[in-house]
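Contents: one structure, followed by commentary.
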Amino acid sequence: MFNLLRMDLYRVKRSKSVYVCFGLLLLATVLVFGMMWLLETPQGREISVPLGMLTPEEVKESGSILDGVDTLGFFRQICLDGGMYNLIFGIWVMLFVCADFQSGFIKNIMALHQNRWNYIGSKVLTAGIVDFGYLVLHLLFALLMNRMFGNLVPYAGWRDIVFYLSWVWLVTTAFAALIIFICILTRSVAAGSVAAVLLGGGVVVMSLYGILNMIHMGEWLKYSIYLTCAMGPQKYTSVKNLYVYVVGFGFLVLYTVIAGIVLKKKDI
């Protein structure tokens, strides 16, 4: 498996898609910080009023929408709470996995590595490594942007950052395992793309949540990947907060095992 992992990491290093997807995350961060600077700072409002973004009356009456928000809260609001991170990350995972089937390279891999569980393990580990790099580098970039835009929000404590990043990494890696399973099942870029958009963006979960809530049966969906990312704790306050690790680990094992079973049963 580690030979496959080295090969996959080498492919990641040389691929364009991993950098393009990460660039989209950084671009979104710059745009959000720029928008908040225009709306929240006196210097920005001097620019936003002539541009028609705010009226003088709104400037006088409006309060700050960033009250009580620190850098960690702002970071998660930019992409993780709304599902943009999983959407973009899921698209990269789809491109990475489906490339093996589109190019026919999967036949060469399976000829050299008979144990198909090694293939699944390599893909999940590679996704987890990229996921960790995305999250850490994206957070560092958000902290840099906060500094460049005049410290729009106060800085979060390092313990809160470690707690949040650790569980959100586990949950988003579980989402990557879900996309890997869908790609191996369908071997279709279109199906993988639709899954990344609908599941990563929360369209399926929120639609189902709204319907089930009308009959008071939607509470279990709070433990889905999307709603765990959106509603999971930002700070550790009690043992109850640790449920996010159970959700992340459970879904990671579940989708990895299912993907392995499907790969073993389907012809290459």
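Computation of the quantities below employed the complete heavy-atom set of this structure, encompassing side-chain atoms and omitting hydrogens, waters and symmetry-equivalent molecules.
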Specify the closest pair of heavy atoms between [X] and [Y], including all atoms of both residues, with the distance to one decimal.
X: Leu25; Y: Met84; value: CD2-CE, 4.2 Å
X: Cys229; Y: Arg76; value: O-NH2, 3.1 Å
X: Pro233; Y: Val244; value: CD-CG1, 3.5 Å
X: Ile161; Y: Ala156; value: CD1-O, 4.1 Å
X: Ala196; Y: Gly90; value: CB-C, 3.8 Å
X: Ala195; Y: Ile182; value: CB-CD1, 3.5 Å

So, do [X] and [Y] sit near enough that their side-chain heavy atoms are less than 4.5 Å apart?
X: Phe132; Y: Leu165; value: no
X: Thr29; Y: Phe33; value: yes
X: Phe175; Y: Val171; value: no
X: Val69; Y: Leu152; value: no
X: Leu80; Y: His138; value: no
X: Thr41; Y: Met36; value: no
X: Val12; Y: Trp92; value: yes
X: Leu221; Y: Met206; value: no

As a quick check of understanding, evaluate side-chain contact (heavy atoms from CB on, under 4.5 Å) for Lys264 and Tyr119, giving each step before the final call.
CA-CA 10 Å; Lys264 284 177 69 69; Tyr119 179 83; over 6 Å; no

For the [atom1] atom of [X] and the [atom2] atom of [Y], what is their distance to the nearest 0.5 Å?
X: Ile129; Y: Leu9; atom1: CD1; atom2: CG; answer: 4.5 Å
X: Ile179; Y: Leu95; atom1: CD1; atom2: CG; answer: 11.0 Å
X: Trp167; Y: Tyr243; atom1: CH2; atom2: OH; answer: 6.5 Å
X: Ile261; Y: Leu263; atom1: CD1; atom2: CG; answer: 11.0 Å
X: Asp70; Y: Lys235; atom1: CG; atom2: NZ; answer: 6.0 Å
X: Lys123; Y: Leu4; atom1: NZ; atom2: CG; answer: 7.0 Å

Determine, using the 4.5 Å side-chain heavy-atom cutoff (strictly less than), whether [X] and [Y] are members of one ILVMFWY cluster.
X: Tyr209; Y: Leu178; value: no
X: Leu143; Y: Val162; value: no
X: Leu199; Y: Ile180; value: yes
X: Phe249; Y: Met231; value: no
X: Phe74; Y: Leu27; value: no

Would you say [X]'s side chain and [Y]'s backbone share a donor-acceptor pair under 3.5 angstrom?
X: Asn241; Y: Thr237; answer: yes
X: Ser166; Y: Phe163; answer: yes
X: Asn213; Y: Gly210; answer: no
X: Trp117; Y: Gly260; answer: no

Does atom CZ of Phe149 have more than 12 heavy-atom neighbours, drawn from other residues, nucleotides or ligands, at distances under 6.0 Å?
yes

Does Tyr236, at its OH atom, have more than 12 non-hydrogen atoms belonging to other residues, nucleotides or ligands within less than 6.0 Å?
yes

Run the side-chain contact (heavy atoms from CB on, under 4.5 Å) test on Gln234 and Asp160 for me, step by step, so that the C-alpha distance in whole Å, both residues' side-chain angles and the decisive distance to 0.1 Å come before the verdict.
CA-CA 7 Å; Gln234 186 170 305; Asp160 295 335; 5.7 Å; no

Verify side chain to side chain donor-acceptor pair (under 3.5 Å) between Asn146 and Thr71, making sure each step is shown before the conclusion.
CA-CA 8 Å; Asn146 189 56; Thr71 49; 5.8 Å; no

Any side-chain donor-acceptor pair under 3.5 Å between Ser122 and Asp8?
yes

Taking the six-membered ring for Trp, are Tyr85 and Phe89 ring centroids under 6.0 Å apart?
yes

Mind checking whether Phe75 and Tyr164 have parallel, tilted or perpendicular rings, split at 30° and 60°?
perpendicular

Could you check Val204 against Tyr226 for side-chain contact (heavy atoms from CB on, under 4.5 Å), going step by step and ending with a plain yes or no?
CA-CA 10 Å; Val204 173; Tyr226 175 78; over 6 Å; no

Begin from the C-alpha positions of Tyr134 and Val18 and carry the test side-chain contact (heavy atoms from CB on, under 4.5 Å) through to its verdict.
CA-CA 9 Å; Tyr134 269 17; Val18 69; 3.5 Å; yes

